[in-house]
Each structure stands twice: as C-alpha cells, then as structure tokens.
Number of protein chains: 2
Amino acid sequence: MANLPETAGPLYEKVKDYILDHIGSGAWGKDQRVPSEHELVSMLGVSRMTVHRALRELTSDGHLIRIQGVGTFVAPPKPYSTLIEIVDIASEIRARGARYRADIILLESLQPSQELLAAFDFATRKPVGHSMILHHENDMPVMIEERFVNSDLAPDYDKQDFSAVTTYDFLQKSTPLTEVEQVIAAITADEDTARMLALEAGAPCLLLHRRTWTGSTVATVNRFTYSSRYTLGSRYAPSAFR
Amino acid sequence: MANLPETAGPLYEKVKDYILDHIGSGAWGKDQRVPSEHELVSMLGVSRMTVHRALRELTSDGHLIRIQGVGTFVAPPKPYSTLIEIVDIASEIRARGARYRADIILLESLQPSQELLAAFDFATRKPVGHSMILHHENDMPVMIEERFVNSDLAPDYDKQDFSAVTTYDFLQKSTPLTEVEQVIAAITADEDTARMLALEAGAPCLLLHRRTWTGSTVATVNRFTYSSRYTLGSRYAPSAFR
DNA sequence: TGCCTGGACATGTATAGACATCTTCCCAGA
DNA sequence: TCTGGGAAGATGTCTATACATGTCCAGGCA
C-alpha cells in the first residue's frame, strides 16, 4: 500500500497532497491518466467518498479533468496568465491614506446614441442613466468616470446623491453583477480631458472601458479615464497554486 | 416541510439554490444566521451530508461563512470589483487569427543595477537573465517585452532559443508561478520606444510592470510596453456569482 | 459486414451512522 | 463570587453501502 504524506490535517487533504505531489514531480504528466477512485481506495486504504472528495476539489481547482464513465486525467498546466483586480477608486485612494473627493459634473437621464444602443444591446430606444464624476486624490483630479446605466435595473440612477454615496456602492446594492468585459488602452488626452485632469495637452492617459452584465442584460457601460499621475494595479495570489 | 426549488440537477444543487434564493430575496440578510445543518435536514427532508455539501460549496464560493461550533452566516456581499485576465501575447494574437512573429533584440546575462537588485530582493550581487523581444502582429510591432529572470530558478535563460519557444512557454515550464504583482500605466513613448514600435514621437503607450514569485523568491521582473494600436482586455465571468 | 446490446468499469449522487472538534453556557462546588 | 466541568449543539470528517449515469468494447445476431 502506498503511503500518504505525513502532513497535518484531514485525510482528504492528504489524498489531495498525495496526488499533487505526483503531478508536481512529473510522475503523472499532462493528459495522463490518474488511478481510478477504486484503485486509489486500494492503494491508499481510505474510503471511496474520501478519495472522491479529494478528486472533486482538485478538479474544481483546475488540477484534474474528470469525465464520467471514462476516468480522471491531469489537467494541462495553468496558463501563465494573471489577474488584475481593479477596485473601487474611492477605497483605493483612501487605502493609500490620501484624501478622497468626488465632483459630480453631470447627472441626468438621456436618450442613448446609436453607438450606446448597440453597447447596451437594446432593441428599442429608451432612456439610460448618465453620470460624469471627477475623482480627486488630495484635491488633485486623477480620474474621470463616465457611466451609462440601464434604467430597467437602476431606474432612479439620475436621482441619487452621489456626493453622499459612491456610484460604486449604489450599483453594488442595486444590481447583482454577473459578468464583466474590459478593455484598457493608452490615449492622448484631448483638450477637455486634459483640462479636467489638470494635465498638459498631449499627455498620455489610461482609458478603461467596461461593460457589466446581470444575467444576459447589460447593466452598465463605463468609461474611466485615468490621469497619467495614476497607475492601475494590484497584487493577486492565484488560489489555484499551492 | 419547506419546498426545494424545482430546478433540474442533483439534490445538493437544489439545496444551494434554496439557500441562494433566500439570500438573494433578502429574507436572510448579511451576517444573519442560516438554519443549522440539522434544521435544514428537518426542513428539506434530505440527508445531512447533502446539506453539508451544499453549505460547504456555498462557503467556498464566498456566499456563506461557517464557524465550527458556532453556526453558518450570510457573508457580506461581494465587492464590486473585477478581474482582468492577461494572457500570453503570442496566443492572444494568434487567437485573433493574425500572424505572430517575435524578434529577439537582446538575450544576455547581466549584473543587475541597484534598482533591479531591490526589485529581486537580492541580498548579494549575482547575474540575472535579461531579454528584450519585439512582438509583431501581422508584421506590425505591437509590444516590447523586457524580462529579467532570477538565474537561481532558470539558470539557462540566456541560452534558450526564443525564436522557437516563447519566453512565456519556457518560464511556464521552468518555474511554478505562485504570485503576481502588476502595475499598469500610460506613458509617452520615448524616442527609442517610438522607433521600435513604429509610432510617431509622443504617442501614448501602455506600460505593464510585472513581478512574479515562486514561493517567497522573486522569479521575474518584467516590463511590457504596448503600442497604442494595441489594447489590453478580456472578458471574465466571476464564478462567485450565479 | 454492420449493428446493437449487454457487461465491465468509470464517475456522480445520496444516505445513515459514527466520531471528532469547537464554542457556548449553565450550574455545581469551592 | 468566582471558577471549573460538563452538557448541548454546532460544524468537520470518515466510512460503508446503494444506486444512478455515462463510456467503451467485445461478442452475438441479422
């Protein structure tokens, strides 16, 4: 009988470690077959439910691929990709210990343009909420936030007091977010943008386009323009690795 | 006895839906107590293991918080934050159906500068691998990749043939990535950069700084400069939401 | 030759029962 | 009044068993 690692913790964790060790050492390579539940039961001397739990968790972590009726296989290695978490700018600024302020430049309900209709995937013309807010760090403008909000999901968007509640907090409470699409680009600030962000003409700016969904309906279409004084970034520890 | 939702699928999924419905409707609010496993067994007429699995999965999805010996509680709502996945540029370009090419500008081993020593968190001076590669989409330069690699982890980095294997693939195989730190900024291209990317002087560029760790040691320090023709972005469906 | 059906085997789910571990709280004894 | 101990109740783990569902293949029948 094979030996389980002597790490602490519950049995199914030891079974997970046993399997991860074999994958990590290369003994069980990519796409290769992992012993069946029944075989692991014989090899390790634990019950099938315990083996099953270990295999199920490793599968949801992306280490294994299981096909009912066929078997369990080592998953291809994780892509060397990373995730950037972008948080609410108000909390981001405050987290750095800086003073945060937001100026509401505009808050209205408007008839969407053709382009916006397409972004919302609307079949018929109906008004959407629209806001433009200038965010400051220590009274220095750092980001222009422009949001278009689906009025079906947040009908009173243009009647909120966003000097008291951030758009972020309001939207978090009113609409459950299910999906996000984002594009980041570098642009040269045009005259208006440069003026608002107190930049020299021609300064480079970070542009973040974002669409969010709740279910299959588009909830918001956003455009964030960051001053070149500002950087986006964070640190993220992928949980798929041990 | 309470009624489980009539959705399809296994029993534990119905129990999960039952609980998520009560959370979503506001019937069970934030920090409020969820019925105990024993109570749910009585209420729903399923076995404790089935209830337990549902609760455990909802906990790992961040919907619930469980404290042994105390009880189960509704977790505070998810932050309204998003994740951007940034993948390997070669596969990104190919995925768009474009022709990909990489020119190796430089591949060497060098003594790190003071700044680089700090980035690697090295106590003593030792050489690091260094590469500069220009990536093309349809023969148009779109990104300058500059990498500094910890020689302890990838000692032969400067001896690889990166026209045959991408740096991405090589590093993925040689070093298990455990953590990532990234910063994105917009910059104005300097003369050299503009020339390499075939841009006009003063064009805005996207700058992505990245450090990666394996365990507690810094594996690579990277600097990616994207042409203004290029945008970073992707679509991501957070699994924590239903 | 071709189909198709049954058996072997894999994973997936559900249950009952037992014991472990942890927290809370009440009550008896000092 | 203070304190220690134990009961109650919560989650956490493990097992044995049963049945469901899916895949694959070999052997038999047309």
Side-chain angles (χ1 to χ4, degrees), chain A residues 1-20 22-23 28 31-76, chain B residues 1-20 22-23 28 30-76 239:
Chain A
M1 183 179 315
N3 287 328
L4 284 172
E6 293 176 6
T7 54
L11 248 183
Y12 70 88
E13 287 290 351
K14 294 184 187 177
V15 176
K16 286 173 72 173
D17 285 341
Y18 176 85
I19 293 166
L20 284 173
H22 281 72
I23 294 176
W28 297 347
D31 289 341
Q32 197 173 322
R33 177 150 198 182
V34 166
S36 72
E37 295 187 355
H38 182 71
E39 287 169 325
L40 286 169
V41 165
S42 308
M43 288 163 63
L44 305 177
V46 299
S47 81
R48 194 186 143 220
M49 285 301 286
T50 301
V51 167
H52 181 76
R53 175 164 179 186
L55 292 173
R56 187 170 17 119
E57 294 191 357
L58 289 174
T59 302
S60 79
D61 283 350
H63 290 105
L64 298 176
I65 293 172
R66 315 197 74 194
I67 305 173
Q68 183 175 142
V70 181
T72 304
F73 305 87
V74 177
Chain B
M1 184 179 317
N3 287 328
L4 284 172
E6 293 177 6
T7 53
L11 247 183
Y12 71 88
E13 287 290 351
K14 295 184 186 176
V15 175
K16 286 173 72 173
D17 284 341
Y18 176 86
I19 293 165
L20 284 173
H22 281 72
I23 295 176
W28 298 347
K30 178 194 162 187
D31 288 341
Q32 196 173 321
R33 177 148 195 184
V34 166
S36 73
E37 294 187 355
H38 183 71
E39 286 168 326
L40 285 169
V41 165
S42 307
M43 290 162 63
L44 304 177
V46 299
S47 79
R48 195 188 142 219
M49 282 303 284
T50 302
V51 167
H52 181 76
R53 175 165 177 185
L55 293 172
R56 195 183 38 198
E57 294 192 358
L58 289 174
T59 301
S60 78
D61 283 350
H63 290 105
L64 298 176
I65 293 171
R66 315 197 75 193
I67 305 172
Q68 183 174 154
V70 182
T72 304
F73 306 87
V74 177
S239 65

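All values below were derived from every heavy atom in this structure, side-chain atoms included, with hydrogens, water molecules and symmetry-related copies excluded. Order of the sequence lines fixes the chain letters, A, B, ..., with proteins taken first and strands second; residue numbering starts at 1 for each chain. Being a predicted model, the structure only gives us computed values, none of them experimental.
Ionic pairing of B:Glu57 and A:Arg56 is present here: one or more N-O contacts between side-chain nitrogen and carboxylate oxygen are shorter than 4.0 angstrom.
Distance OH (B:Tyr12) to P (D:dA20): 18 Å, rounded to an integer number of Å. With rounding to whole Å, A:Gln68 atom CD is found 5 Å from D:dG22 atom C1'. As a whole-Å value, the separation of B:Met49 CE from D:dA16 P is 14 Å. Taking atom CD of A:Glu37 as the reference point, atom P of D:dG22 lies 16 Å away to the nearest angstrom. Spacing between atom CZ of B:Arg66 and atom C1' of D:dG9 amounts to 13 Å, rounded to whole angstrom units. Rounded to whole Å, the distance from CG on B:Leu40 to C1' on D:dG9 is 15 Å. If you measure from atom CZ of B:Arg53 to atom P of D:dT11, you get 18 Å, rounded to the nearest angstrom. Atom-to-atom, NE2 of A:His52 to C1' of D:dT13 comes out at 15 Å; the value is rounded to the nearest Å.
Looking at heavy-atom distances under 4.0 Å, A:Ile67 makes contact with sugar-phosphate atoms alone, never a base.
In the 5' to 3' direction, nucleotides of DNA chain C lying under 4.0 Å from heavy atoms of chain A begin and end at C:dA10 to C:dA14.
Residues satisfying the side-chain hydrogen bond (donor to acceptor under 3.5 Å, both in side chains) criterion with B:Ser47, sequence neighbours excluded, are B:Thr50. The salt bridge (Lys or Arg N to Asp or Glu O under 4.0 Å) check on B:Arg48 picks up B:Glu37, with sequence neighbours excluded.
Side chains of A:Leu58 and A:Ile19 form a contact here, defined as non-hydrogen atoms less than 4.5 Å apart. No side-chain heavy atom of A:Leu11 sits less than 4.5 Å from a side-chain heavy atom of A:Leu44. For the pair B:Val34/B:Ile23, no side-chain contact is recorded, criterion being any heavy-atom separation below 4.5 Å from C-beta on.
Projected onto DNA chain D by closest heavy-atom contact, A:Thr50 and B:His38 fall at different nucleotides, the more 5' of which corresponds to B:His38.
A donor-acceptor pair under 3.5 Å is formed between the side chain of B:Glu39 and the backbone N or O of B:Ser36.
Contact check, B:Thr72 against D:dA10: no side-chain N or O comes under 4.0 Å of OP1 or OP2.
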